[in-house]
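Heads up, the thing below is written out as structure tokens.
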Amino acid sequence: MSEEASRPYPEWFKQYEEFVKPEDVRFRYLKRNRYMAIIPFLYTTAIIVGDSRNPTFYEDRWCYENMEAAMKAFDKWDGASGTEPSGWHRHPNSGRRRPDGIEAAQYINP
């Protein structure tokens, strides 16, 4: 087991788990103090990425229509810098939207 994989979840993630069903959250450490997680929000489910040394802020987020789509993308994506997970419908940081998660249908909604 790698050092990253053996690290405990950050405190913010443990606290978040108290408010949602355990099967609705996932967390994975990546290289260079990075992490990715699935977080259910009020109207969407998202994959977030960030720096594990910053306990209060995530850096990027991709929203999914449902938990199933987010889980599928989370399992496929390696979290590599410069890449994105697949199947998302909204990227809040850029205003991009992909109806039904289809990359070819992408547009920007400022």
Side-chain angles (χ1 to χ4, degrees):
M1 181 180 284
S2 73
E3 179 184 340
E4 292 291 325
S6 64
R7 292 170 54 188
Y9 291 154
E11 199 60 38
W12 68 263
F13 189 77
K14 287 186 224 175
Q15 292 170 0
Y16 191 84
E17 285 183 308
E18 294 176 23
F19 301 102
V20 297
K21 297 182 289 185
E23 62 270 17
D24 287 347
V25 294
R26 290 204 187 162
F27 185 92
R28 183 184 318 149
Y29 279 107
L30 305 170
K31 295 178 182 177
R32 298 181 211 40
N33 295 310
R34 310 281 302 150
Y35 71 85
M36 59 189 276
I38 290 181
I39 302 292
F41 287 95
L42 189 57
Y43 297 109
T44 189
T45 300
I47 293 178
I48 61 171
V49 295
D51 187 322
S52 60
R53 297 167 294 186
N54 183 344
T56 60
F57 182 74
Y58 59 86
E59 296 169 1
D60 213 343
R61 167 177 153 188
W62 295 268
C63 298
Y64 290 81
E65 293 285 347
N66 55 55
M67 181 62 69
E68 182 181 345
M71 294 280 189
K72 184 178 176 182
F74 185 88
D75 290 342
K76 284 182 171 181
W77 189 41
D78 66 2
S81 181
T83 67
E84 295 183 313
S86 61
W88 52 268
H89 73 99
R90 181 172 167 258
H91 184 253
N93 290 9
S94 66
R96 293 179 294 150
R97 295 182 182 259
R98 293 181 177 176
D100 298 320
I102 301 169
E103 186 174 357
Q106 178 172 292
Y107 67 95
I108 296 178
N109 186 18

Rounded distance (nearest 0.5 Å) linking atom [atom1] of [X] with atom [atom2] of [Y]:
| X | Y | atom1 | atom2 | result |
| --- | --- | --- | --- | --- |
| Met71 | Lys76 | CE | NZ | 15.0 Å |
| Ser81 | Arg32 | OG | CZ | 8.0 Å |
| Asp51 | Tyr58 | CG | OH | 15.5 Å |
| Glu65 | Arg98 | CD | CZ | 13.5 Å |
| Ile39 | Thr44 | CD1 | OG1 | 12.0 Å |
| Asn93 | Glu59 | CG | CD | 10.0 Å |

Whether Tyr29 and Phe27 hold their rings parallel, tilted or perpendicular, with breakpoints at 30° and 60°: perpendicular

hydrophobic_cluster_shared for Ile38 and Phe57, side chain cutoff 4.5 Å: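 No.
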
Side chain to side chain, Tyr64 and Pro85, heavy atoms closer than 4.5 Å: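 In short, these two side chains touch, coming nearer than 4.5 Å.
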
Heavy-atom side-chain proximity of Arg96 to Glu84 below 4.5 angstrom: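 In contact.
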
From CA spacing to verdict: side-chain contact (heavy atoms from CB on, under 4.5 Å), Arg61, Arg90: CA-CA 9 Å; Arg61 167 177 153 188; Arg90 181 172 167 258; 3.8 Å; yes

Test log, rule side-chain contact (heavy atoms from CB on, under 4.5 Å), inputs Trp88 and Ile47: CA-CA 9 Å; Trp88 52 268; Ile47 293 178; over 6 Å; no

Whether over 12 other heavy atoms sit under 6.0 Å from Asn109 CG: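 Correct, the count exceeds 12.
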
Atom CD of Gln106 with >12 non-hydrogen neighbours under 6.0 angstrom: yes

Taking every non-hydrogen atom, the tightest pair across Ala73 and Ser86: CB-O, 3.2 Å

Side chain Asp78, main chain Ala80, donor-acceptor under 3.5 Å: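 Side chain of Asp78 to backbone of Ala80: a pair is present.
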
side-chain contact (heavy atoms from CB on, under 4.5 Å) assessment of Asp75 paired with Arg26: CA-CA 10 Å; Asp75 290 342; Arg26 290 204 187 162; 2.4 Å; yes

Derivation and outcome, side-chain contact (heavy atoms from CB on, under 4.5 Å), residues Phe74 and Thr45: CA-CA 11 Å; Phe74 185 88; Thr45 300; over 6 Å; no

